[in-house]
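Beneath this line is the structure, given in structure tokens, with notes to follow.
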Amino acid sequence: MTDASAAAQRAASVPVIVGAHAGPGASAHDTGARPDSDLLEGLNPQQRDAVVYRGQALLIVAGAGSGKTSVLTRRIASLLRTKDAWPSQILAITFTNKAAGEMRERVESIVGEAARGMWISTFHSACVRILRREADNFGFTKAFTIYDSGDSRALIKRLVKEHEADAFGLTPAATQSRISKLKNELADAESYARTVNMSDPAERVFVELFGAYQRELQKANAFDFDDLIAQTVYLFRAFPKVADVYRRRFRHILVDEYQDTNHAQYALIRELTRPIGSDAEPYAAGGGMMIFEAEPAAEDAASLTVVGDSDQSIYAFRGADIRNISEFEKDFPGAKVVLLEQNYRSTQTILSAANAVIGHNFDRKDKKLWTDVGAGEQIVGFTGYSQHDEAQFVADETEALRRAGVDYSQMAVFYRTNSQSRALEEIFIRAAVPYKIMGGTKFYERAEIKDALAYLVAVANPADEMALRRIINKPRRGIGDVTIETISRYAADEGITFRDALGNSSALGVGPKIQKAIAHLDLVLAEASEKMLPASGELAPPTAVAEGLQLLLNKGGYYDALRASKDPQDEARVENLDELVAVAREFARNNPEGTVLDFLTEVALVSDADDLDDATGSVSLMTMHTAKGLEYDAVFVTGVEEDLIPHRISANEPGGPQEERRLFYVGITRARKRLYLSLAMTRAQFGEVTVAMPSRFLQEIPADLLHWRQSPGDVNSRGGMQSRALNARRPGGGSGSGGFGGSGKRYGDDLVPLPRREPSGNLEKFANRIPAKVRDNGDMELGPGDRIRHDDFGEGKVDAVTGEGAKRVAHVRFEKAGLKKLLIKIAPITKL
DNA sequence: CCTTACATCCTTTTT
DNA sequence: GGATGTAAGG
């Protein structure tokens, strides 16, 4: 509501007055010079179109690096400048909170104060805002909390156990992902039950679980991530009057990364862009497309702008439906489509490689990125013997770039799975390269942080029994499962909540020691509650959250327990908790009126990518998923191996290999000037060393674009365990036996055998050819004293053998090369 | 009720 | 290799 008054205030200071609800109409841009002409400077004709178009529906197909963020921000600025919209009429949806923050900043830098009052946020944040306002309408309270995937997994785990559902193959993980998928399709337990054969006991149990899960959430006054969207849609459908409030308010809706929206998000957009008052009468809801009813007053519907690129759709696994974007024109008849193909980010070499790779996806609209900045450097390829060797190459190369004047913050290292970061991290530490891991074991997923937050939840939302159960014995208070069950039964018998039962510790019939512990916990929670949630009408001081948190941790005994512990990790845990308190203080500074709930909401909805990268002066490490939307001068894509990218699991999923290719495409198009593709011949995956094969995607890159610093062939014919990063040998010579994939496994649908391109230069003749087999010495027996010959190092004597099985390492003293460690299974050695 | 030892599963990707 | 779960003993 402050938005509205702020807008009104500004309205007084500008010459053109537009009625409060009279939307666009008489816009200013028909007369004379455009008020937004400065916004169009430096834009190409297509970008211009996208900024100035005014109509019901606009699809901006924005290839990687085509300046879409700039277009989107200028479009918003233009809407404001031309008085086609008030700030409060704009709803812009981005993929991450960070993207939202950046967009807001950029709009503000153009139009200044006038940007206030816009909603620029993620789907999830926007829905929380709406739900908090409307929660009382449908069986929740404003104090609802948000379950992240860990929370809901814990709940599901408990339910699976209670229903003995694992007997039907319903593991917690499987159940969770099925429920999530269904929610993304806007199904609930009842509607799902109608579609399946309920005589199948497994289905019956699943429906039972789904229903129980939902009841538990409601009882706990909590939403999970998927609910935030789906329940908002239900809210709008069940209460058209409420929906109309938001339809009236948001006249211009803009959605970024539209290719990654799922059905629920699509439905939400659909609801918001209906004409006001249009669903006074019921309409066919539920699965699939809804037909746009003949609307009497189409101009009443909000205008919709979506931006996306189907080649960058990488979230199908969590329900993103590429049809949302590919059928946009069908969904919104008369929609205007603008195509942005000129790339302002990368060199032509990088773009050609990207085009070639993505061109292998069939069933896609052909789109070719181009640039006028020139070819630039060749892509560099490197093959390490192990992931450590590969990491060493990356570290050495970052150092070389640094010396050449590239700032660390302009370099990034990508990988497919989070676990790959470990090897990189080890080497980076040793090489003293400053780095920052985005994501990974996330701060807010650490046990101690979750515990601390559970304390806050226990205060802010007493209905949330999960949170209470989590902290009731942390630190150890002697309250185990038996006691918890006792409390739970007592609460049920008395018809009170679990939280209230804690207040009656003397009535529980537990031992005096335990009774005292419960009473103490109850007291601490009550005290914190008083601090953070003053009686209605009063406002808690900004510092209340931070102080309340400290109170809980101190008086609750959490800090003491950690400090008393002799586990060295607990020291780090204390530091993490201190950091959380600091986060709470920071929050208070930015949101003087922020409540505990606001704090918890913010914390629940931050993502890795948000974890702000003022990584000033450090190299960024992240997954390719996290990399979406970012760009760097130099990019290293590591682990370019079969089973990793494309990931092994994707092989059996419909469309899996294609999505993996898009992911790889996203990775390489992040690079501005330099792109490195690296892999390792062996990779330690959960203890065992496995032999890795070069990714099929490497073959899809034209040979003349890729210069192998050390090709898979080099590694195959010559051996060794230490890094070759700095003294890399020339590629070519003697390498490149055999073709690709010979006897190897086959994957998925799209392993297309490529005719080999004739390489342009002789020097790198077979450089891009990928060998089928890696050397394998089988179970070569070696022991101390044995003499061996190594292809590179010559003869030497074995000092010792360590490790087991495939990981056996020989420590060898060579006559010329000195002491080396060799992985016996694959080193190019023969026993003498 | 807590601690320890052993077993098992696992690894995509995330709001 | 790591986290998480189960069984046994204290």
Side-chain angles (χ1 to χ4, degrees), chain A residues 93-100 121-128 146-150 152-154 157 161 166 171-173 177 180 183-184 223-230 257 260-262 264-265 313-320 414-423 438-442 444-447 473 475-486 510-511 513-514 517 601 603-611 622-628 639 643-653 656 659-660 662-664 666-667 683-690 804 807:
Chain A
I93 303 283
T94 60
F95 199 66
T96 63
N97 291 295
K98 182 180 154 216
S121 67
T122 62
F123 271 107
H124 296 268
S125 305
C127 287
V128 170
I146 300 163
Y147 278 17
D148 66 20
S149 3
S152 58
R153 190 168 54 248
K157 195 181 276 176
K161 206 180 222 170
D166 37 1
T171 63
S177 98
S180 171
K183 285 186 174 182
N184 287 334
F223 295 101
D224 66 20
F225 277 144
D226 302 313
D227 277 344
L228 293 177
I229 316 287
E257 308 284 11
D260 285 324
T261 51
N262 62 34
Q265 293 165 332
S313 163
I314 53 174
Y315 284 101
F317 71 90
R318 71 170 203 223
F414 302 157
Y415 35 82
R416 176 64 232 271
T417 65
N418 278 306
S419 59
Q420 289 168 250
S421 67
R422 199 177 310 135
M438 330 272 283
T441 314
K442 288 158 252 172
Y444 291 108
E445 280 176 20
R446 293 170 186 278
N473 200 32
R476 300 234 145 81
R477 299 184 169 91
I479 303 173
D481 289 343
V482 179
T483 310
I484 291 176
E485 265 319 293
T486 309
V510 294
K513 218 168 158 183
I514 294 176
T601 302
V603 162
L605 296 180
V606 290
S607 66
D608 314 333
D610 300 332
D611 192 16
M622 70 192 85
T623 67
M624 283 182 243
H625 281 90
T626 309
K628 188 170 76 158
D643 287 356
L644 222 42
I645 176 86
H647 197 278
R648 152 193 296 258
I649 292 173
S650 75
N652 303 317
E653 288 167 3
E659 175 147 317
E660 295 288 307
R662 291 194 291 270
L663 183 58
F664 186 61
V666 166
R683 193 164 286 276
Q685 268 180 335
F686 93 103
E688 284 299 285
V689 172
T690 56
E804 290 287 316
K807 285 198 308 188

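Protein chains get the first letters and strands the later ones, always in sequence-line order, with residue 1 at the start of each. The basis for the numbers below is simple: all heavy atoms, side chains too, and nothing from hydrogens, waters or symmetry mates.
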Integer-rounded Å distance: dT13(B) C1' and Phe664(A) CZ: 16 Å

base_contact_polar (dT12(B) base, His647(A) side chain, donor-acceptor, <3.5 Å): no

Gap separating the CG atom of Asp148(A) from the CD atom of Glu445(A), nearest 0.5 angstrom: 6.5 Å

Residue closer to the 5' end of DNA chain B, Glu660(A) versus Asp226(A) (nearest nucleotide): Glu660(A)

Partners passing side chain to side chain contact (heavy atoms under 4.5 Å, CB included) against Ser419(A) (at least two apart in sequence or in another chain): Thr417(A)

d(CD, Glu445(A); C1', dA3(C)) in whole Å: 14 Å

No-hydrogen, no-angle side-chain donor-acceptor test under 3.5 Å, Ser121(A) and Asn97(A): no

Thr623(A) and Thr626(A): side chain donor to acceptor below 3.5 Å: yes

Test log, rule side chain to side chain donor-acceptor pair (under 3.5 Å), inputs Ser180(A) and Ser177(A): CA-CA 5 Å; Ser180(A) 171; Ser177(A) 98; over 6 Å; no

dT12(B) OP1/OP2 closer than 4.0 Å to side-chain N/O of Ser650(A): no

Proximal nucleotide (of dT15(B), dC1(B), dT13(B)) relative to the His625(A) side chain: dT13(B)

Given dC1(B), dC2(B), dT13(B), the nucleotide with the shortest approach to the side chain of Asn473(A): dC2(B)

Nucleotide of dT14(B), dC1(B), dT15(B) approaching Ile514(A) most closely (side-chain heavy atoms): dC1(B)

Arg416(A), nearest nucleotide to its side chain (from dT14(B), dT13(B), dC2(B)): dT13(B)

Integer-rounded Å distance: dC9(B) C1' and Gln685(A) CD: 15 Å

Sugar-phosphate only, base, or nothing, as touched by Ser419(A) at under 4.0 Å among non-hydrogen atoms: base

Closest nucleotide among dT15(B), dG2(C), dT13(B) to the Asn418(A) side chain: dT13(B)

Lys183(A) with Asp224(A): basic N within carboxylate O range, under 4.0 Å: yes

Side chain of Ile649(A) - closest among dT12(B), dT3(B), dT13(B): dT12(B)

For Phe223(A), ring pair (Phe, Tyr, Trp, His ring centres under 6.0 Å) partners two or more places apart: Phe140(A), Phe144(A)

Nearest-angstrom distance from the residue atom CE of Met438(A) to P of dT13(B): 16 Å

Closest to the Arg422(A) side chain, choosing from dG2(C), dT14(B), dT15(B): dG2(C)

Span that lies between the C1' atom of dG5(C) and that of dT12(B), in whole angstrom: 23 Å

For His625(A), all residues meeting ring pair (Phe, Tyr, Trp, His ring centres under 6.0 Å), sequence neighbours excluded: Tyr315(A), Phe317(A)

Partner residues of Tyr147(A) under the ring pair (Phe, Tyr, Trp, His ring centres under 6.0 Å) criterion, sequence neighbours left out: none

Touch class at under 4.0 angstrom, heavy-atom based, for Asn262(A) against every strand present: nothing

Strictly under 3.5 Å: I want the nitrogen or oxygen pairs between protein and nucleotides 5-10 of chain C, one per line.
residue : atom : partner   : partner atom : Å
dG5(C)  : OP1  : Lys157(A) : NZ           : 2.5

Ranges pairing with ranges for DNA chain C, where each run has three or more Watson-Crick or G-U pairs under 3.5 Å: B:1-9 with C:2-10

Touch class at under 4.0 angstrom, heavy-atom based, for Tyr315(A) against every strand present: sugar-phosphate

C1' gap between dT11(B) and dT6(C), integer Å: 22 Å

Whole-Å gap separating P (dA3(C)) and CZ (Arg446(A)): 11 Å

No-hydrogen, no-angle side-chain donor-acceptor test under 3.5 Å, Ser152(A) and Ser149(A): no

Sugar-phosphate, base or nothing in reach of Ser125(A), heavy atoms under 4.0 Å: nothing

Length of the CG-C1' vector between Asn184(A) and dT15(B), whole Å: 10 Å

Full working for side chain to side chain contact (heavy atoms under 4.5 Å, CB included) between Leu663(A) and Arg416(A): CA-CA 9 Å; Leu663(A) 183 58; Arg416(A) 176 64 232 271; 3.3 Å; yes

Proximal nucleotide (of dT3(B), dT13(B), dT15(B)) relative to the His124(A) side chain: dT15(B)

